[in-house]
Structures are given as structure tokens and as C-alpha cells.
Amino acid sequence: MQQKRLMNFLDELRWRGLLADISAGMEEHLRQPRCGYLGFDPTAASLHVGNLVPIMLLVHFQRAGHKPIALIGGATALIGDPSGKSDERPLLDRETVEHNQKAIEAQLRRFMDFSNAPNGAVLLNNQAWLSSMKLLDFLRDVGKHSTISYMMSKESVRARMDSGLSFTEFSYQLLQAYDFYYLSQHYGCTVQMGGADQWGNITAGIELSRKLGGPHLYGLTSPLLTRPDGKKFGKSEEGNVWLDARLTSPYRFYQFWINLSDEEAARCLRIFSLLPREEIEMLEQQHRLQPERRIIQEFLAKDLTTRVHSAQEAKRAAHTAAILFGHGLADELRQLKADDFEMIRETLPHGILSRTTLERGLDVIKLAVDETGFLSSRSEARRLLQSQGISVNKTPVTANDMIGVNHLLCDRYLLLQKGKKNYFLVVVE
RNA sequence: GGGGAGAUACCAAAGUGGCCAACUGGGCCUGACUGUAAAUCAGGUGGCUUUACGCCUUCGUAGGUUCGAAUCCUGCUCUCCCCA
């Protein structure tokens, strides 16, 4: 049984569309339980949905019986990885990195089994060995084995030859190469995984180990996930979709998956869900026959919101969505109970309005911009009003409409709306 | 060290004395169609207001010339290219 699962890791990645590049001999190498790592540089205060792809590599690696190391690049984040970036990036200060790595560490812990099992996951930080390393040692031990022509041949470097690349970022690949070598020496780690943009850094490590007389190391990458139109995955209107509930609310997170196009959803199901192949294929078939039911979108929304946040948050988000998008008629809003609104309040952005202000009556612009901050400028509000883009309680309004206590739902709430999908709850106190 | 080119809104890129809040494309927002999809079409995309061919802020930065500057001049900062 164990043996069978071990052999399936690469096949698993293949049919899920998670395999881009793989170094020679990996197939054979993975016939036994191995230790592999994947790094996350704490360059932001949270991971985002794009980071879920590499996380899934580690998850599958562990499920196949191997031992995963999640490496936080606390040291490398101070240097900056040029891979996939068109410009030199400003240095992050130490406090920021410090803060980021704590947050990211907590997020990573949710996805794997960190128990004492033989293949229990391990969390490490490369500051442990890089920050105490002496420059001269590094140049003699690592630098000496790396030729300029080899380093310059990396795609990440070549792409930056015209737009500028500092020595600092140029040297990044050596640090990552050393990480791999170090982990092979101290943790018996022989496999490194990453996104396709990491291939150059990974091979640098394999090469370094070879030069230093270390073990034969192996690398594997997943394709970079893009949207059907070639755009970056994981960006919504507001920018990145974060895993941190304070940056992207569970409701928004849920909505991100619900709003995937049919095409994206099908691909994402294989990549992000842990369902076995047969079940996925069944869902795909239903999806093809009745795309309008959006079975996959809903499954992903529920599944991922649960895994990233909690089952309770997922349920809440689903319930809120059902209310807001269910049939969406003004009359049905009036059927809702105070409890429903209180739950919606937990999930939607909301603002407080004093009853006396409302009693005096407000026009829509005052309400949406000045009193609640739902919209950021009056011009925006005016523009939206001109195209029927603002609704109060599901009813489109105009600039002249006055909003008063008679609009209140359950005598306490107003549901503002910008376009079809952007909701905002006003609570009167 | 020498020579050249450049810095325009979220990005790319026009504009080189008034017709410029600034062409165009992408992105983004809204509307129509729909399934909270895709594609398509339409409108919008600095802010404020008495919505007005009105006002304020914006074309790297600091000054200057001019009735008037993103456009001309000077200093500064940064970027790229070529030669040494």
C-alpha cells in the first residue's frame, strides 16, 4: 500500500496539471520515501491564492509518503529574488520580514501534517544558517564553484540585463543554491520543488551540490498558473486575493472562487482540490453538461474557504451569497430576519449610521460617500448613478432619491450595492 | 571619465507654447445580454461644486521665462545606451 502510494506522486501531479519540469532520474529516486523542500520568501504579510499552487506540491508530496520541508526564506527575502520580476525591487527592512514570516508560518501550518510521523512536515527558516554565514566563507565555499557565465545564462538574469539588475539580486540564485545544499547535508533533503520560475534557482542548487561533492539532487516545478486570457491568477478587482482574513475577508475569498470562469474552474479543480481522480472527472462531466449550475465553482469555494479559513466561515459565506444572489428581488429582502442581517454583517463590509442622521433624510451620495464611506469619492458616486450602478435594498436609485428611515430593513439595516456584486451593509444605531 | 537618449495618469505610449485633465491601447469600473460564466456591444476611468465650454490638483524634482507651459530655459535626482 505504502509502496503504491509512493509511486504515484509524479503521476498524481501529471494528471492534475501540476507538473511542468522535472529533472532526470526523479522517477526512480522517488521510489523510496524522500525528503523534499519548497521555499516561500516572506515578501508580503500574507500568502495569496497564487501561493496555493506550491503549497499543493508539498501537500501531495506528503500524501505520497514523502517528508516535506516548508522553508521560510527569511534571509533570502532580505535580498530579493529577481526571478519573474521585470524590475529591481526595493529592499525590505528587517522588521517587515520578521513580521511577514510569522504570519506566513502560521498560514503554512494549516495545510500539512506537522506531527512526529516519519513523513511529518517540518518548518524551517533559512535565516538559521544564512544570517550567520560569513561573507568570505560564502565567497570561498559557494562563490568559487559558480561561474559567471553559468549564473548569467539563467533566464531570470538574462531577462534583466537591459532593465537593470543589482549585484544583490544577481547573487540570489547562489543563496538558494546553498539552501538546497545545506538542507541536503543537514536534513537529507534531496528534492526541491517550486513554480516554473524557480527552475533556474533549483538547478543552481543541484549544480552546486555536484560541484561540492554532495549527493545527487533533484528538482521539479509546477506550471505558472495564469488565467485563460494570460493574466496573472489570483488577482481580483482589488488586487491580490490573500489568505489572511484581515486582508481578504472569507466572504471575498469565497466569492473569488465562485466567480471563476467555467474554463478556469475546471482547471482549478484538479489543481486545488484533493478529490480523487474519479470524483473530479465526474464533476467535470456534470460541469460540462450544465455549466450554469456552477458545481465546480461552488465546490472550490466551499472547499478552499474551509481549508484556508474554517468550515464555519465557509458556511457563512455561502449563506450570505445565497441571500444576496439567490433571487435578489427587493421583496425578498423584506422577508429576512434580523439574524440574517447580523450574519451578513459579519461577512460584508459595513458602516454605521446614526438614526438621527437618517431621520433627517439623506441623498444617495451623502449616504454612500460621506456617511458610510462605501464609495471613496463623490465623482465615483455620480458616475455610477448615471449608469444605474447603485442600488439601495436591491432597487436602483438616482441622485435625487432621498433615503430615510422608511427604507430600513428590520428597522435597522440598509443594503447598498455597487453594480451587481459589490455589497455594503449599513447598520443604524 | 566622455558622449547620447529619456523620466507623462494603474501599465504601455502620444503630445514639444494656448483647441490638454492631457490622443490611443491594455487594465479597471458601470450598463446591456447571461448562469454572480465566457464572448460581444455601449458608456466611463484625478478631485470638488451652484453639472458649469466653472474651479482646484496632476505630465521626475526645484526654480525661471511668458498674458499663458506637460511643452521653452536653468539647477537637481533617477534610468537606459554607446565609448573609455
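Numbers restart at 1 for each chain; the letters A, B, ... are given by sequence-line order, proteins then strands.
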Can you find a heavy atom in the side chain of [X] that is under 4.5 Å from one in the side chain of [Y]?
X: A:Thr221; Y: A:Leu19; result: no
X: A:Lys154; Y: A:Asn201; result: no
X: A:Tyr251; Y: A:Tyr423; result: yes

Rounded distance in Å - [atom1] ([X]) to [atom2] ([N]):
X: A:Glu284; N: B:A37; atom1: CD; atom2: C1'; result: 17 Å
X: A:Glu264; N: B:G35; atom1: CD; atom2: P; result: 20 Å
X: A:Asp363; N: B:U51; atom1: CG; atom2: P; result: 14 Å
X: A:Lys366; N: B:U49; atom1: NZ; atom2: P; result: 9 Å
X: A:Leu385; N: B:C29; atom1: CG; atom2: P; result: 18 Å
X: A:Lys420; N: B:C29; atom1: NZ; atom2: C1'; result: 13 Å
X: A:Gln388; N: B:A42; atom1: CD; atom2: P; result: 20 Å
X: A:Glu380; N: B:C28; atom1: CD; atom2: P; result: 16 Å

Rounding to an integer number of angstrom, what distance separates [N] and [M] when you compare their [atom1] atoms?
N: B:A7; M: B:G15; atom1: P; answer: 11 Å
N: B:U24; M: B:G18; atom1: C1'; answer: 23 Å
N: B:C33; M: B:A39; atom1: C1'; answer: 11 Å
N: B:U58; M: B:A62; atom1: P; answer: 9 Å
N: B:U16; M: B:G26; atom1: C1'; answer: 26 Å
N: B:C80; M: B:C73; atom1: C1'; answer: 25 Å
N: B:G60; M: B:U8; atom1: P; answer: 7 Å
N: B:G27; M: B:A22; atom1: P; answer: 23 Å

Please tabulate, one pair per line, all N/O donor-acceptor pairs under 3.5 Å involving side-chain atoms of residues 316-323 of chain A, not counting sequence neighbours.
unit_1, atom_1, unit_2, atom_2, d
A:Thr320, OG1, A:Arg316, O, 3.0
A:Thr320, OG1, A:Thr347, OG1, 3.0

OP1 or OP2 of [N] under 4.0 Å from side-chain N/O of [X]:
X: A:Lys421; N: B:A37; result: yes
X: A:Asn422; N: B:C29; result: no
X: A:Arg294; N: B:U34; result: no
X: A:Arg378; N: B:U49; result: yes
X: A:Ser387; N: B:G43; result: no
X: A:Arg382; N: B:U49; result: yes

Stem ranges of RNA chain B by first residue number, counting only runs of at least 3 Watson-Crick or G-U pairs under 3.5 Å, come to B:1-7 with B:77-83, B:10-12 with B:24-26, B:27-32 with B:40-45, B:46-48 with B:54-56, B:60-64 with B:72-76

Could you work out which one of B:U30, B:G35, B:U36 sits closest to the side chain of A:Leu384?
B:U30

Taking any heavy-atom pair under 4.0 Å as a contact, classify [X]: base, sugar-phosphate, or nothing.
X: A:Ile258; result: base
X: A:Gln255; result: base
X: A:Ala321; result: base

Ring geometry between A:His66 and A:Phe9 (parallel below 30°, tilted from 30 to 60°, perpendicular above 60°):
perpendicular

5'-most by nearest nucleotide on RNA chain B - A:Ser376 or A:Gly389
A:Gly389

Judged by each residue's nearest nucleotide on RNA chain B, which is more toward the 5′ side, A:Val369 or A:Asp262?
A:Asp262

Any side-chain donor-acceptor pair under 3.5 Å between A:Gln192 and A:Asp179?
no

Closest contact, heavy atoms only, A:Ile365 versus A:Arg378
CG2-NH1, 3.7 Å

Salt bridge or not for A:Arg14 and A:Asp11, using N-O below 4.0 Å?
yes

Please determine if A:Arg307 forms a cation-pi arrangement with A:Phe111, meaning its NZ or CZ atom is less than 6.0 Å from the six-membered ring centre and no more than 45° off the ring axis.
no

